[in-house]
Number of protein chains: 4
Amino acid sequence: MTDHPDLAATEAARPQRPRSVRARKAVLDATNELLGEGGLPVATIDAISARSGVSKATIYKHWPSRTAVAAEAFGLRMPSALPLPDTGSARGDFTTQVRLVSEFYASPAGTVFAQLLAASVTDAEAAHFFRTFFLAGRRQAIAELWQRSKDRGEVRSDVDVEVAQDVLFGPLIFRLLSGHAPLTEEQAAQIADAALHGLLTEAGGNGAVGSA
Amino acid sequence: MTDHPDLAATEAARPQRPRSVRARKAVLDATNELLGEGGLPVATIDAISARSGVSKATIYKHWPSRTAVAAEAFGLRMPSALPLPDTGSARGDFTTQVRLVSEFYASPAGTVFAQLLAASVTDAEAAHFFRTFFLAGRRQAIAELWQRSKDRGEVRSDVDVEVAQDVLFGPLIFRLLSGHAPLTEEQAAQIADAALHGLLTEAGGNGAVGSA
Amino acid sequence: MTDHPDLAATEAARPQRPRSVRARKAVLDATNELLGEGGLPVATIDAISARSGVSKATIYKHWPSRTAVAAEAFGLRMPSALPLPDTGSARGDFTTQVRLVSEFYASPAGTVFAQLLAASVTDAEAAHFFRTFFLAGRRQAIAELWQRSKDRGEVRSDVDVEVAQDVLFGPLIFRLLSGHAPLTEEQAAQIADAALHGLLTEAGGNGAVGSA
Amino acid sequence: MTDHPDLAATEAARPQRPRSVRARKAVLDATNELLGEGGLPVATIDAISARSGVSKATIYKHWPSRTAVAAEAFGLRMPSALPLPDTGSARGDFTTQVRLVSEFYASPAGTVFAQLLAASVTDAEAAHFFRTFFLAGRRQAIAELWQRSKDRGEVRSDVDVEVAQDVLFGPLIFRLLSGHAPLTEEQAAQIADAALHGLLTEAGGNGAVGSA
DNA sequence: GATTAAGCGAGACGGTACGTCACGTCTTCCG
DNA sequence: CGGAAGACGTGACGTACCGTCTCGCTTAATC
């Protein structure tokens, strides 16, 4: 939550006891356990409360909804999950990344991701937590990749980084959610190829693949 | 409830018509009303039952879940909503289509679409209905557009139609669901441009834009 | 719980028995058990629901509050608890009745009575149930006693039956609630004597005691 | 909250005054405010703490329960509320007193009185505070009235003062709590008449009213 | 036409989870 | 070092919807 720094500052000025770290951790740990066991549907507030030993009332003091708890919990264990590739070329990096993300989506964790994204649709508070604790980190990392490639002149400079990200990963998201087509490695490669064809410059290796 | 008189009159003319037909129609009409008023969260089985005059038990005889009802109801009013463009060129057709779909997603109906897609994640039965009554029609139409363009040699023949669809519309879906970026006409144009750059041949007008 | 087998048997024989009757009975029985075990504080809706096997939602469909349930349950087992005396004289009848009521108040059931009366103060709905299911029956019976005595000319005809009842039993209630003085048989006799002195005629035996 | 500046100013003059005294006063004042605004249900510990600026922990050091706080607070403002009558005769004094008490019960403060009495039923600690800070003063005053009348020979010497009090005021209490009959001036007069008839001697004016 | 069995409305029901409230205890830190 | 500020576990609250069920009424197909 971006508010935390502010709050910390406010609390520092006001002689307030900082909110318990222990309770927060217990809740997030228990939530991650539950997400692993049965996904979002199983991570009810009652279950989280029972598993963590933290009361429902306290949970609601820290998070606006169960989805917000799940979003934060899920986001916290992600940073290590998807290390950025560095193959030496933009095409290699992004192709690898698309494949990795595709694999992630196809895994049990991907199901949870989809459930959280779905929950964000009808829960604005949760959406905020989801973007903050999960998407923000991911997108930040991809943005670095994009900038690196841009510096090398491998990607189209007239394409916005946000647009690029959506073109690369939106197709995977779409498949993940609607299930209308599989998320195999083969499919991921095809998607990456088509998308990158629209994003790379000739220096990025686009000419060769071109309008074959 | 207000449908009853009308329906009664209609049924009076055809006294032999099976009641199940009337019940189905009443349910779907009521559901569409509710979806229009408050989206999926408001279209509960209880509300649909009350509004339509069809008992919950009967509803469950026809559909596996409330999301399935909503998916079918929503799908039924879609065919007329998005007529296919015919601008004469693949670039024009797809750009127009992406813009139209983007507008649709940004509208109230788009919210319902997102809610249904989200619900499909945790409800396999509903997912089936969603794909059958909503996605299938859309994707069929787009596939025709693709085939037409392919015959003209305007699109890359080595790109699967499914992949093409996901690359074109996946980015929109991603934005719709997570809300991390807006769905304006300007953004839609950028997305269409980037995606099409990866899909069209030189004959499709790609050369000019190319490795700029 | 123990009722279930019996009910099952009963239901097997008469499968048409309305479910609501069974649920009501189960709730009232469970409530009376709980009242007997720990009084009103123990008869929570959750406990009643768990004990009776009837869901909370169903309980709330039948009663407005837990106090209302308790009032009805408690009232149902009262009719047989305090049979009206018939000693042949008004003085005897009322003295006996005051003693019996005093004993009742001093018993565990009296505690529950006090708790219900107390709850009525802040819960208008419960007050209605309390008056209907408990007080009404009691007051009706006493009114008959009063009328009988009045016909014999043993009680002051200018005293309202309601006033008479309150003068006779109000003192007991006061002691029961505030606990400022005991509710022994001796005390009950003194109260009855003082109160009756103000209610009986000379024909009712008041002259002898009179202005002693 | 609004008391703080005033209190601070008051205390500034006497800086050495024990803080606990200030805390007690602040709590009792805040409680009386709350009792006046919404009765016992509103005078929660949290509300009292917030209103008075005294922490919950400190409140619990001085009183065993919120009802005890309320009982003491309520009792403190009572002495001035019901001055004892002196009409010259026992009948006049008691009739007046019954009327005054009846009016009090029928007032908003009477509701609070009832709530406190009710709370005493299930809260022994609170009952003690209630008797100490409210009932004791009242009963002491009435006892004086009784003694005065007894010295004049206007009341039956064989009736215990406790019994007399209960016969006079118990009926009012009963009505106040159960609400089965109104607490109008007319009703108070009838109750006083019936009760006094059982308590006064002929010298107290009982003969005249007698078995009319 | 009369009979009968299915379809249906109405909604009661058990169940799960919700989000809230007040309690009384406990911890932190200020004056 | 007493006390404010308030976090916390606990237990109960009353509500919402779920999906199943029972009950009678209606009605279509059969006799």
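Lettering follows sequence order; numbering is per chain, from 1.
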TODO: Could you walk me through whether A:L40 and A:R66 pass the side-chain contact (heavy atoms from CB on, under 4.5 Å) test, one step at a time?
DONE: CA-CA 9 Å; A:L40 237 205; A:R66 84 171 220 262; 4.2 Å; yes

Task: Residues B:D123, B:F130; criterion side-chain contact (heavy atoms from CB on, under 4.5 Å); working and verdict - done: CA-CA 10 Å; B:D123 182 345; B:F130 183 63; over 6 Å; no

Task: Test side-chain contact (heavy atoms from CB on, under 4.5 Å) applied to B:Y60 and B:I45, step by step - done: CA-CA 9 Å; B:Y60 278 110; B:I45 289 287; 3.5 Å; yes

Task: Audit row: C:S20, C:H62, side-chain contact (heavy atoms from CB on, under 4.5 Å) steps and yes/no - done: CA-CA 9 Å; C:S20 64; C:H62 290 303; 4.2 Å; yes

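Between B:R66 and F:dC17 there is no side-chain polar atom (N or O) within less than 4.0 angstrom of OP1 or OP2.
Between the side chain of B:T31 and the backbone N or O of B:V27, at least one donor-acceptor pair lies under 3.5 Å.
For C:K61, the listed nucleotide lying nearest its side chain is E:dC13; candidates were E:dA17, E:dC13, E:dA22. Between F:dC8, E:dC23, E:dC13, one nucleotide has an atom nearer to the side chain of C:H62 than all others, and that is E:dC13.
As rounded to whole Å, 16 Å separates atom P of F:dG2 from atom CZ of D:R22. Protein atom NZ of A:K25 is 22 Å distant from nucleotide atom P of F:dA7, rounded to whole Å. Atom-to-atom, CG of D:D46 to P of F:dA5 comes out at 13 Å; the value is rounded to the nearest Å. The nearest whole Å value for the distance from the CD1 atom in A:I48 to the P atom in E:dA17 is 11 Å. Rounded to a whole Å, the CD1 atom of C:I45 is 13 Å from the C1' atom of F:dT15. What separates CH2 of A:W63 from P of E:dC18 is a distance of 15 Å, to the nearest Å.
Contacts between residues 113-133 of chain B and DNA chain E, defined by a heavy-atom separation under 4.0 Å, are absent. For the contact set between residues 51-60 of chain A and DNA chain E, defined by any heavy atom under 4.0 Å, the members are A:K56, A:A57, A:Y60.
When each of C:A43 and A:A23 is assigned the nucleotide of DNA chain F bearing its nearest heavy atom, the one mapping closer to the 5' terminus is A:A23. A residue-by-residue look at B:P64 and C:P64 shows that C:P64 has its nearest nucleotide of DNA chain F further toward the 5' end.
Here the side chains of D:F74 and D:F133 are not in contact, with every heavy-atom distance at 4.5 Å or above. Between B:L35 and B:N32, the closest side-chain pair of non-hydrogen atoms falls below 4.5 Å. Considering only heavy atoms from C-beta on, D:F129 stays 4.5 Å or farther from D:S65 through its side chain. Residues C:E37 and C:L34 have side chains in contact (heavy-atom distance under 4.5 Å, counting atoms from C-beta outward).
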